Amino acid sequence: MACQSVAAVMDEQALLGLNPNADARYRQRAMAYFEQLKESQDAWEVCAEALAKGIYNDDHVKFFCFQVLEHQIKFRHAGLSAVQQQLIRETLMKWLQCQLMNAQPEKPFIRNKAAQVLALTFIMEYLTLWPKFFFDILSLVGLNPHGVDVYLRTLMAIDAEVVDRDILHTPEETRRNTLIKDSMREQCIPSLVESWFQILQTYQQSHPELTCQCLEVVGAYVSWIDLNLIANDRFVNLLLSQMSVEELREEACDCLFEIVNKGMDPVDKTKLVESLCQVLQSAGFFNVEQEEDVDFLAKFSRLVNGMGQSLVLSWTKLAKAGNVKDATETLQAVEAKVPLLLQLLVHEDDDISANIVGFCYEYLHVLKQLPQLTDQQKTNIEAVMLAVMKKLTYDDEYNFENEGEDEAMFVEYRKQLKMLLDRLAQVSPELLLEAVRRVFTNTMQNWQTAPFMEVEVAIRLLYMLGEALPASHGAHFSGDTAKTSALQDMMRTLVSCGVSSYQHSSVSLEFFETVVRYDKFFIVEPQHIPNVLMAFLDQRGLRHNSPKVRSRVAYLFSRFIKTLHKHMNTFIEDILTRIQDLLELAPPENGFLALLTSDDQLFMFETAGVLIVNGECPVERKQALMRSLLTPLMDAFRLLLAKLSQETEEERQTALADCLSHAVGFASRTSKAFSNKQTVKQCGCTEVYRDCLHTFLPALSCPVQRGVLRSSVRSFLHRMIICLEEEVLPFIPAASEHMLKDCEAKDLQEFIPLISQITAKFKRQVSPFLQQVFMPLVLAIFEVLARPAEDNDQAAALEKQMLRRSYFSFIQTVTGSGMNEVMANQGAENIERVVFTIIQGAVDFPDPIAQKTCFIILSKLVELWGGKDGMVGFPDFIYKHIVPACFLAPLKPTFDLSDAQTVLTLSECAVTLKMIHLKRGPEFIQFLQQEYLPSLQVSPEISQELCQVLQQPDIKVLKNYIKAFFQRAKL
């Protein structure tokens with residue numbers, strides 16, 4: 001009957017929606033039912049009954065019932081009656097009892113959820129209502145495998161809630177967790193440990209999966225329980241015996257790792273590690289080469305790494321404390337592990353090797369601190385070097401053309417090895433240099449017959465020396481003669497032995513990377529430049545059959561030329577001729593296969609620019625060369641723009657616009673070659689860049705693909721403002737007019753920095769233009785900001801916020817550049833409108849970055865117009881609007897005084913008040929004391945205090961006072 005009554009109480013229709021394959025209607029009904037059961041005072045009890053009596057067979061319904069129970073325990077436990085709390089405890093124990101009798105265990109996801117609910121109940125009730133939690137569970141489950149499984153899962157769930165350091169807890173939760181652990185240590189940990197021992201012993205043959213679970217529990221709990229309960233002969237012997245059982249050995253290894261990792265006294269730690277090592281060694285685990293199971297060896301390597309790092313930590317502590325005897329013994333223990341370390345480090349499986357890198361790194365760090373190295377330690381260093389060199393080598397399976405996850409992992413592993421190499425260089429730079437030189441020289445002598453991976457790693461080692469043996473600003477070829485001559489010899493061999501012709505992309509890349517890393521070598525031995533230039537320019541470099549190599553070489557070539565441009569004089573025109581086809585604009589037709597991508601071509605145009613600008617030829621020649629570089633771009637641009645205006649198909653329009661954008665980008669990139677020493681004017685290139693402007697600006701009025709075109713032309717204008725100086729000014733008004741037509745928030749936001757750049761650079765020269773463009777720009781901004789947007793459209797809201805910031809920073813640039821007349825000549829109505837937006841920005845929008853800018857502007861306006869000979873009517877405006885803004889903004893609830901950015905805004909607010917006092921004097925003090933502060937209900941004492949601080953010369957005092965003033969006001 002009970003079964004019937006509960007079934008009637010639960011909403012069967014809603015339960016159908018729990019099946020993942022149910023239709024949306026049922027699923028919605030299930031969700032609504034879930035919410036109803038969660039929030040009800042007692043309706044959840046039907047779920048408890050269903051679990052206790054095992055009414056439902058459907059796994060989804062069982063899971064659902066546990067979820068409802070979980071909600072009650074997690075969020076409503078305190079509100080439950082004592083009877084209801086008892087019901088939960090009984091439900092869980094009855095459900096657990098059912099598990100003991102079931103022939104088949106529940107699905108893992110049900111067991112995990114049950115363990116979670118048990119763990120939550122434990123956390124809520126262990127300290128108060130259910131101190132016998134573990135005794136009740138253990139006496140119920142005994143050694144029943146199904147029961148033991150849930151018990152172990154519950155222990156792991158408790159660990160996750162109470163111990164796991166990766167989970168953030170509130171201070172209250174942390175206090176509670178500490179109390180729970182303290183109580184457990186006192187009351188039940190010995191019994192738990194005994195239960196683990198029984199489980200490990202009982203099930204190691206019959207139920208290896210339970211034994212593994214139990215080993216995981218031991219590993220998790222060992223960090224905070226009394227180690228003597230685990231690190232004793234009985235327990236350790238059991239663990240070691242399981243190291244020999246195939247199904248258990250990996251978990252046993254992990255468990256030992258956790259034991260070794262436990263924080264403890266350094267002398268005790270050394271003893272523990274040493275006794276473990278002795279047993280492992282006598283059991284034959286150190287014979288790594290005889291072990292074929294790589295998964296186990298990876299775990300074993302991690303264990304050895306843990307033991308090694310623990311010993312190093314003990315040595316560090318003992319050496320620091322001046323305990324010479326124990327430190328010496330611990331160092332001997334570390335040294336004794338080095339042969340094993342080397343076997344694991346050099347193992348062909350990279351995971352096994354990677355797991356021991358930490359110990360190896362720390363061992364080298366120990367050697368670095370020793371005053372003198374023994375012969376054995378030097379031998380160890382060399383062995384580590386050889387191991388690192390061997391392990392840096394690619395294997396046959398590495399896929400260079402299509403790098404996947406395995407390749408990415410090897411790249412990461414290589415980074416770890418590089419750390420070891422850098423550390424080796426700190427311990428013994430001479431040994432490292434000599435070892436690399438030996439490997440490099442031998443390989444380069446036989447590069448024609450050597451496999452690619454050996455050639456690549458030899459060059460790679462030379463490359464890595466550049467970072468391992470530091471030199472200021474890459475000056476590897478001056479100073480320390482031993483190092484200099486070794487590096488110089490190797491570089492000479494690299495560029496003259498012909499290895500650049502090796503037919504493998506990895507070798508080609510490594511060759512060019514190394515040439516550019518040591519580009520200063522060619523200043524010392526410039527006779528090698530022609531050979532290397534040819535390598536860059538032919539099928540070994542820019543015309544290599546691998547796109548990846550061509551792309552990287554384009555970038556490296558630009559760096560090479562930039563460093564060595566003084567040595568390029570005799571080659572300039574030859575290089576320009578050879579790279580001419582690489583400087584052609586790829587047509588927008590599909591299927592055109594260019595050697596370089598447009599991004600790569602940017603580097604090529606910059607390189608061409610550097611060669612032309614830094615050449616020692618006459619100005620006329622530079623002019624002619626730059627024109628021959630840029631004219632094809634201009635010609636192509638005119639043709640493509642005409643085509644774009646006629647084109648109707650959108651895909652084709654996009655292709656044409658991209659092509660036009662590339663042409664402008666390439667022209668822009670050539671201008672990066674100019675410097676303060678070599679200006680556009682000095683090189684006679686003003687006219688050709690003016691021609692570019694004439695060519696590119698018409699794109700601003702193109703009716704289609706406006707975003708792409710405007711963006712590229714705007715970037716070009718930014719470059720020309722820097723390069724052409726005032727020569728650019730005649731182009732600005734027309735360009736601005738086009739850019740202000742039909743614009744979006746993003747267009748304006750990107751246009752404002754251009755105007756600000758012109759304002760800051762040319763100041764008075766552009767005053768007439770600014771007076772003319774000021775209101776059209778401001779009105780365009782107002783119009784965009786006023787456009788309605790959806791309430792939940794976050795992207796639009798962010799765009800408006802950014803535009804508002806850009807607008808305020810534009811006004812700041814105008815007011816701050818000494819051009820009072822730009823705003824002053826806009827007419828009273830317009831001025832008022834603009835200044836009101838600044839007041840609004842300071843007070844109404846909770847954006848501290850914009851607010852800070854607004855207060856800077858207000859302070860500047862007070863300085864310009866607030867004095868005796870200032871703008872008519874402005875003093876009135878100060879008292880009516882600016883002073884209230886300085887108080888209303890910080891009083892807003894959104895003005896967060898604990899936020900650093902907001903505190904900076906408050907500082908500017910204080911500066912504004914100070915400026916008003918500077919300009920208006922006693923009149924301002926009188927206004928504050930008699931009118932404004934009383935209107936805010938500020939007491940006369942505080943009011944007088946504020947006015948006294950305002951009159952002090954030190955602004956710092958005011959800033960500190962103002963912060964305290966508003967903190968008090970907000971209480």
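Computation of the quantities below employed the complete heavy-atom set of this structure, encompassing side-chain atoms and omitting hydrogens, waters and symmetry-equivalent molecules. Predicted, not measured: the structure shown is a model, and the values here were computed from it.
- Summarising the local packing, NZ of K390 is surrounded by 12 or fewer heavy atoms from other residues, nucleotides or ligands at distances under 6.0 Å.
- The environment of CD in E289 is crowded: more than 12 heavy-atom neighbours from other residues, nucleotides or ligands sit within 6.0 Å.
- Separating the CG atom in N287 from the CD atom in Q343 is a distance of 7.5 Å, to the nearest 0.5 Å.
- The backbone N or O of H207 lies less than 3.5 Å from a partner atom in the side chain of T211, making a donor-acceptor pair.
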**Asked** Given R153 and M156, is the side-chain contact (heavy atoms from CB on, under 4.5 Å) satisfied, shown in steps?
**Response** CA-CA 5 Å; R153 285 173 198 266; M156 286 312 290; 5.8 Å; no
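- Heavy-atom neighbours of Q369 CD from other residues, nucleotides or ligands within 6.0 Å: above the threshold of 12.
- The two atoms that bring S310 and N261 nearest to each other are OG-OD1, 4.3 Å, heavy atoms only.
- Residues in residues 214-253 take part in these ring pair (Phe, Tyr, Trp, His ring centres under 6.0 Å) pairs, two or more places apart or across chains: W196-Y221, F197-F235, Y221-W224.
- With values rounded to the nearest 0.5 angstrom, N380 atom CG is found 7.5 Å from T374 atom OG1.
- Of all non-hydrogen atoms in S241 and V245, the two that sit nearest each other are O-CG2, 3.7 Å.
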**Message:** For V457 and M389: C-alpha separation, side-chain torsions, deciding distance, then whether side-chain contact (heavy atoms from CB on, under 4.5 Å) applies.
**Reply:** CA-CA 7 Å; V457 89; M389 289 175 191; 6.0 Å; no
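- Using a distance-only test at 3.5 Å, with no hydrogens or angles considered, no donor-acceptor pair links the side chain of E186 to the main chain of S183.
- Taking a cutoff of 4.0 Å between a charged side-chain nitrogen and a carboxylate oxygen, E172 and R176 do not qualify as a salt bridge.
- Checking side-chain atoms of S301 against main-chain N and O of L297 turns up no donor-acceptor pair under 3.5 Å.
- In this structure, N144 contributes its side chain and L100 its backbone to a donor-acceptor pair below 3.5 Å.
- Checked by atom type and distance alone, the side chain of Q85 never pairs as donor or acceptor with a backbone atom of E125 at under 3.5 Å.
- Counting only heavy atoms from C-beta outward, the side chains of F64 and D58 never approach each other to under 4.5 Å.
- Using modelled atom types, one finds no donor on one side chain facing an acceptor on the other under 3.5 Å when comparing E161 with Q116.
- Taking 4.5 Å as the limit, every side-chain heavy atom of N355 sits out of range of all side-chain heavy atoms of L344.
- For the ring pair (Phe, Tyr, Trp, His ring centres under 6.0 Å) condition, no pair includes a residue of residues 329-371, sequence neighbours left out.
- Applying the ring pair (Phe, Tyr, Trp, His ring centres under 6.0 Å) test to residues at least two apart or on different chains, none of the pairs has a partner in residues 284-306.
- When side chains are defined from C-beta on, L272 counts as touching I259, because their heavy atoms get closer than 4.5 Å.
- Taking the side chain as every heavy atom from C-beta outward, L118 and I137 approach each other to under 4.5 Å.
- Taking CG of L96 as the start and OG1 of T91 as the end, the distance is 12.5 Å to the nearest 0.5 Å.
- A pairwise comparison of heavy atoms in A103 and H146 identifies O-CE1, 3.3 Å as the closest pair.
- Of the candidates R460, R423, K418, K418 is the only one forming a salt bridge (charged side-chain N to carboxylate O under 4.0 Å, His left out) with E467.
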**Asked** Do K262 and E258 pass the salt bridge (Lys or Arg N to Asp or Glu O under 4.0 Å) test, and can you show the C-alpha distance, the side-chain angles, and the key distance before you say yes or no?
**Response** CA-CA 6 Å; K262 184 176 169 71; E258 294 301 338; over 6 Å; no
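- Annotation: D375, atom CG; neighbour count of heavy atoms from other residues, nucleotides and ligands within 6.0 Å does not exceed 12.
- Residue pairs that meet the ring pair (Phe, Tyr, Trp, His ring centres under 6.0 Å) test with at least one member in residues 78-112, sequence neighbours left out, are F63-F109, F66-W95.
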**Request:** Please assess E397 against F410 for the test side-chain contact (heavy atoms from CB on, under 4.5 Å), listing each intermediate value before the final yes or no.
**Result:** CA-CA 11 Å; E397 280 92 61; F410 181 70; over 6 Å; no
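- Side-chain atoms of R111 never come within 3.5 Å of backbone atoms of V150 as a donor-acceptor pair (strictly under, hydrogens ignored).
- Minimum heavy-atom separation, V388 to L417: CG1-O, 3.9 Å.
- Residues Q97 and K94 bring no donor and acceptor atom of their side chains to less than 3.5 Å of each other.
- Between V427 and I381, the shortest heavy-atom contact is CG1-CD1, 3.6 Å.
- Atom-to-atom distance recorded for L303:CG and I356:CD1 is 9.0 Å, nearest 0.5 angstrom.
- Put simply, the side chain of S195 gets close to the backbone of L192: a donor and an acceptor are under 3.5 Å apart.
- Atom NZ of K269 and atom CG of L318 lie 12.0 Å apart (nearest 0.5 Å).
- Geometrically, R89 does not engage F133 in a cation-pi contact, judged by NZ or CZ lying under 6.0 Å from the ring centre and within 45° of the ring axis.
- Residues L238 and Q204 meet the side-chain proximity criterion, which asks for heavy atoms closer than 4.5 Å.
- Between E194 and R234, at least one side-chain N (NZ, or NE/NH1/NH2) sits under 4.0 Å from a carboxylate O, which counts as a salt bridge.
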**Request:** Carefully, step by step, assess L280 and L240 under the rule side-chain contact (heavy atoms from CB on, under 4.5 Å).
**Result:** CA-CA 8 Å; L280 286 169; L240 288 166; 3.5 Å; yes
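- At least one donor-acceptor pair closer than 3.5 Å links the side chain of D265 to the backbone N or O of D268.
- No side-chain donor-acceptor contact under 3.5 Å links K317 to the backbone of A327.
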Give every donor-acceptor pair under 3.5 Å between a side-chain atom in residues 246-255 and any protein atom, sequence neighbours left out.
| from | atom 1 | to | atom 2 | distance (Å) |
| --- | --- | --- | --- | --- |
| R249 | NH2 | E291 | OE1 | 2.8 |
| D254 | OD1 | R302 | NH1 | 2.9 |
| D254 | OD2 | K299 | NZ | 2.8 |

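- Under the 4.5 Å side-chain criterion, counting only non-hydrogen atoms from C-beta, M453 is in contact with D396.
- Under the 3.5 Å distance criterion, with hydrogens and angles disregarded, no donor-acceptor pair is assigned to the side chains of E209 and Q213.
- A side-chain donor-acceptor contact under 3.5 Å links Q309 and N305.
- Relative orientation of the F134 and Y126 rings is perpendicular, given thresholds of 30° and 60° on the angle between their planes.
- E49 contributes atom CD, which lies 12.0 Å from atom CD of E90 (distance to the nearest 0.5 angstrom).
- Side-chain N or O atoms of N232 include one that pairs as donor or acceptor with a backbone N or O of N228 at under 3.5 Å.
- Proximity of L370 to L331: side-chain heavy atoms (C-beta onward) are separated by under 4.5 Å at one or more points.
- Within the structure, side chain to side chain donor-acceptor pair (under 3.5 Å) pairs that include any residue of residues 273-284 comprise E274-K337 (at least two apart or interchain).
- For L168, the CG atom is loosely surrounded, since the number of other residues' heavy atoms within 6.0 Å does not exceed 12.
- Summarising the geometry of L373 relative to L367, their closest heavy-atom pair is CD2-O, 3.7 Å, with the distance given to 0.1 Å.
- By the 4.5 Å heavy-atom criterion applied to side chains, L341 and V304 are not counted as neighbours.
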